[in-house]
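Structure first, commentary second.
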Amino acid sequence: MSSTVQRTRRTDETLYRPGRWLALAVLVLAVLLVAVDATVLGLATPFLSEDLQPSGTQLLWIGDVYSFVIAGLLVSMGSLGDRIGRKKLLLIGAVAFGAVSVLNAYATSPELMILARALLGVAGATLMPSTLALIRNIFHDPKERSLAVGVWGAAASAGAAVGPVVGGFLLENFWWGSVFLINLPVMAVLVLVGVKLLPESRDPRPGPWDLISVGLSLIGMVSVVYAVKEAAVHGFRWDNAAAAIIGLAALYWFARRQLTLDSPLLDMRLFHHRGFSGAVLADLLTILGLSGLVFFLSQFLQLVQMRTPLEAGLIELPAAIGAVGAGLLAGCLARRASVRSVVAGGLTAVGLALAACTAVSASTGVLALGIDLFIGGVGAGLAFTVTADVILSSVPKEQAGAASAVSETAYELGAALGIAVLGSIVTGIYRGFTAPPGVPAEAAASAHDSLGGAVESAKDLPQDQGAAMLSAAQDAFTDGFQSAGAIGAAVLFATAVAAWFMLRGQKLEEGLEHP
């Protein structure tokens with residue numbers, strides 16, 4: 001009798017690992033590390049522009065090179081974590097992330113800043129797939145895992161809230177590089193506590209890590225996104241076409257190679273699962289529609305509505321609050337209603353929030369902005385949490401790292417494409433404004449390069465002339481912002497329809513999973 005009780009107790013401890021919620025708290029720190037870094041950059045952009053004086057193209061690269069690199073390496077790093085251990089990769093990545101944050105903080109030129117952001121992408125690629133994969137292996141009860149994924153998603157949203165508020169405070173009291181140094185204490189706590197609390201997990205039969213596939217993934221992703229970005233800014237040219245051809249060829253070769261390897265970096269057969277593919281597509285297009293606008297929202301608040309960084313951060317807070325609440329409830333709602341109704345409903349809510357951006361102007365009040373951002377946050381929290389749960393539950397736990405990396409790749413690739421495409425629409429419309437007569441050519445060129453440049457140039461002009469040029473620049477930026485909102489809304493509504501059909505019959509897991 002006692003032996004039966006002991007076996008039952010050991011089984012319960014395996015299924016319901018003691019300290020699993022404390023381990024989740026450590027993983028949340030890693031998510032916060034990445035989310036805070038992503039959100040503070042938008043607030044720091046006007047100050048960074050004034051100090052480093054990047055061109056419009058360099059400013060876009062500073063904004064999106066992190067996403068380019070991380071998107072190219074996520075699958076490789078997720079697969080590496082499956083092989084060497086997800087805990088080990090997470091802790092190594094956290095140390096590297098903190099160290100490279102210092103390089104970002106003390107960058108002295110646009111070129112060095114772009115390089116620092118790229119290196120931060122390399123370090124960041126080790127963090128997110130490791131956190132989701134560890135959740136997959138720590139929580140064997142599907143309902144608990146849904147809640148854990150909701151907490152994970154809520155942490156990313158909380159980072160999006162904490163980043164602007166803390167960043168706004170730092171920017172009002174210190175120099176722009178301080179927003180990157182806030183990563184250091186978070187990283188230190190993550191490493192010191194994670195060493196003790198996090199369990200190690202890996203694929204018991206991993207096979208070799210194929211370096212050719214790693215290179216093909218990186219070359220393919222970066223080349224394709226670069227081609228889209230350059231085509232959006234400069235139109236179709238032979239160099240854009242060459243980059244697109246190289247990128248697509250590399251990705252095709254990568255996919256074919258995975259089908260021939262005994263231990264692929266990514267099992268391409270996962271995409272035969274309609275629910276898996278639908279969840280990945282929803283992630284990709286949601287972020288594509290959202291990220292370009294989010295990147296420019298902080299500039300709009302500070303340089304069009306002329307708010308302080310802290311005010312801008314507080315105005316963006318409702319989006320994170322909505323996403324946190326919705327993320328925690330998403331799994332329960334998906335089980336009571338259906339996966340496709342929650343995801344499609346969330347995507348529609350984000351689309352409505354983006355559509356409302358077409359009416360935003362310099363005179364739009366805080367209440368209207370807050371309601372719009374809250375609705376968008378609720379929609380994003382519902383969609384992202386449920387799709388992440390679908391992706392994780394579609395694969396064996398041995399492949400959790402690679403599957404998590406697919407989810408994160410869709411997120412980061414969507415972010416890069418969103419900043420590149422929608423951001424380039426904003427930039428293209430903005431550059432079309434007409435400078436007032438008599439403005440020196442050098443000042444006009446600086447103003448047309450970026451809105452931050454227009455603000456600085458206006459200070460050196462006679463008061464009336466400077467005010468007229470700044471007003472024209474702000475109106476042009478607002479027109480671009482509204483146009484990007486309309487395009488983003490159309491993308492989200494179309495994605496909601498696609499998700500409704502692709503996620504038909506998809507359910508979240510119910511029964512206990514034995515490790």
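- Contact annotation: the side chain of Glu111 never approaches that of Leu115 to less than 4.5 Å [non-hydrogen atoms, C-beta and beyond].
- Separation of atoms CG (Leu103) and CE (Met113) is listed at 9.0 Å; rounding is to 0.5 Å.
- In this structure, Leu461 and Ala443 approach most closely via the heavy-atom pair CD2-CB, 4.3 Å.
- Judged by distance alone, with hydrogens and angles left aside, the side-chain atoms of Ser446 form no donor-acceptor pair with the main-chain N or O of Glu442 at under 3.5 Å.
- Considering all non-hydrogen atoms of both residues, Tyr430 and Phe433 come closest at O-CD2, 3.0 Å.
- How far CD1 of Ile429 is from CG of Asp479: 7.0 Å, rounded to the nearest 0.5 Å.
- When atom types are taken as modelled, the side chain of Gln474 and the backbone of Leu303 share a donor-acceptor pair closer than 3.5 angstrom.
- The CG atom of Leu89 sits 6.5 Å away from the CE atom of Met77 when rounded to the nearest 0.5 Å.
- Ring geometry, Phe300 versus Phe477: the interplanar angle falls under 30°, so the pair is classed parallel (tilted spans 30 to 60°).
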Evaluate the criterion side chain to side chain contact (heavy atoms under 4.5 Å, CB included) for residue pair Leu373 and Leu297; output intermediate values, then yes/no.
CA-CA 11 Å; Leu373 289 168; Leu297 178 61; 3.9 Å; yes
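- Within the 4.5 Å cutoff, the side chain of Val95 has heavy atoms near those of the Val191 side chain.
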Checking Val455 against Leu470 for the side chain to side chain contact (heavy atoms under 4.5 Å, CB included) test, could you report, in this order, the C-alpha distance in whole Å, the side-chain angles of both residues, the deciding distance, and whether it holds?
CA-CA 6 Å; Val455 172; Leu470 182 57; 3.8 Å; yes
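- A donor-acceptor distance shorter than 3.5 angstrom exists from the side chain of Gln465 to the backbone of Pro437, with no hydrogens or angles considered.
- Within the 3.5 Å criterion, the main-chain N or O of Trp500 finds a donor-acceptor partner in the side chain of Arg340.
- When all heavy atoms of Gly485 and Cys357 are compared, the pair lying nearest together is CA-CB, 4.4 Å.
- Residues Leu301 and Glu311 are not in side-chain contact: their nearest non-hydrogen atoms beyond the backbone lie 4.5 Å or more apart.
- A 4.5 Å side-chain heavy-atom check between Val426 and Arg431 finds every atom pair outside the cut-off.
- In plain terms, the two heavy atoms of Leu73 and Ala125 that are nearest each other are CB-CB, 3.8 Å.
- With values rounded to the nearest 0.5 angstrom, Ile135 atom CD1 is found 10.0 Å from Leu147 atom CG.
- Residue Leu91 holds its CG atom at 10.0 Å from CG of Leu192, rounded to the nearest 0.5 Å.
- For Leu347 against Ala499, the heavy-atom pair with the smallest separation is CD1-CB, 3.8 Å.
- Looking at heavy atoms from C-beta onward, Thr126 lies out of side-chain contact with Ile92 at the 4.5 angstrom threshold.
- Put simply, the side chain of Thr385 gets close to the backbone of Gly381: a donor and an acceptor are under 3.5 Å apart.
- Looking only at side-chain heavy atoms (C-beta outward), Val69 and Met221 stay at 4.5 Å or farther from each other.
- Between Gln305 and Leu369, the closest side-chain pair of non-hydrogen atoms falls below 4.5 Å.
- Without hydrogens or angle criteria, Ser471 side chain to Ala468 main chain gives no donor-acceptor distance under 3.5 Å.
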Side chain to side chain contact (heavy atoms under 4.5 Å, CB included) evaluation trace for Met469 with Asp464:
CA-CA 9 Å; Met469 187 180 73; Asp464 291 344; over 6 Å; no
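- Between the Asn104 side chain and the Phe180 main chain, no donor and acceptor come within less than 3.5 Å of each other.
- Looking at every heavy atom in both residues, Ala356 comes nearest to Asp372 through CB-OD1, 3.4 Å.
- Looking only at side-chain heavy atoms (C-beta outward), Leu112 and Tyr106 stay at 4.5 Å or farther from each other.
- When each of Val350, Val343, Leu329, Leu333 is paired with Leu382, the side chain to side chain contact (heavy atoms under 4.5 Å, CB included) condition holds for Leu333 and for no other.
- Here the CZ-OG distance, from Arg117 to Ser101, works out to 9.0 Å after rounding to the nearest 0.5 Å.
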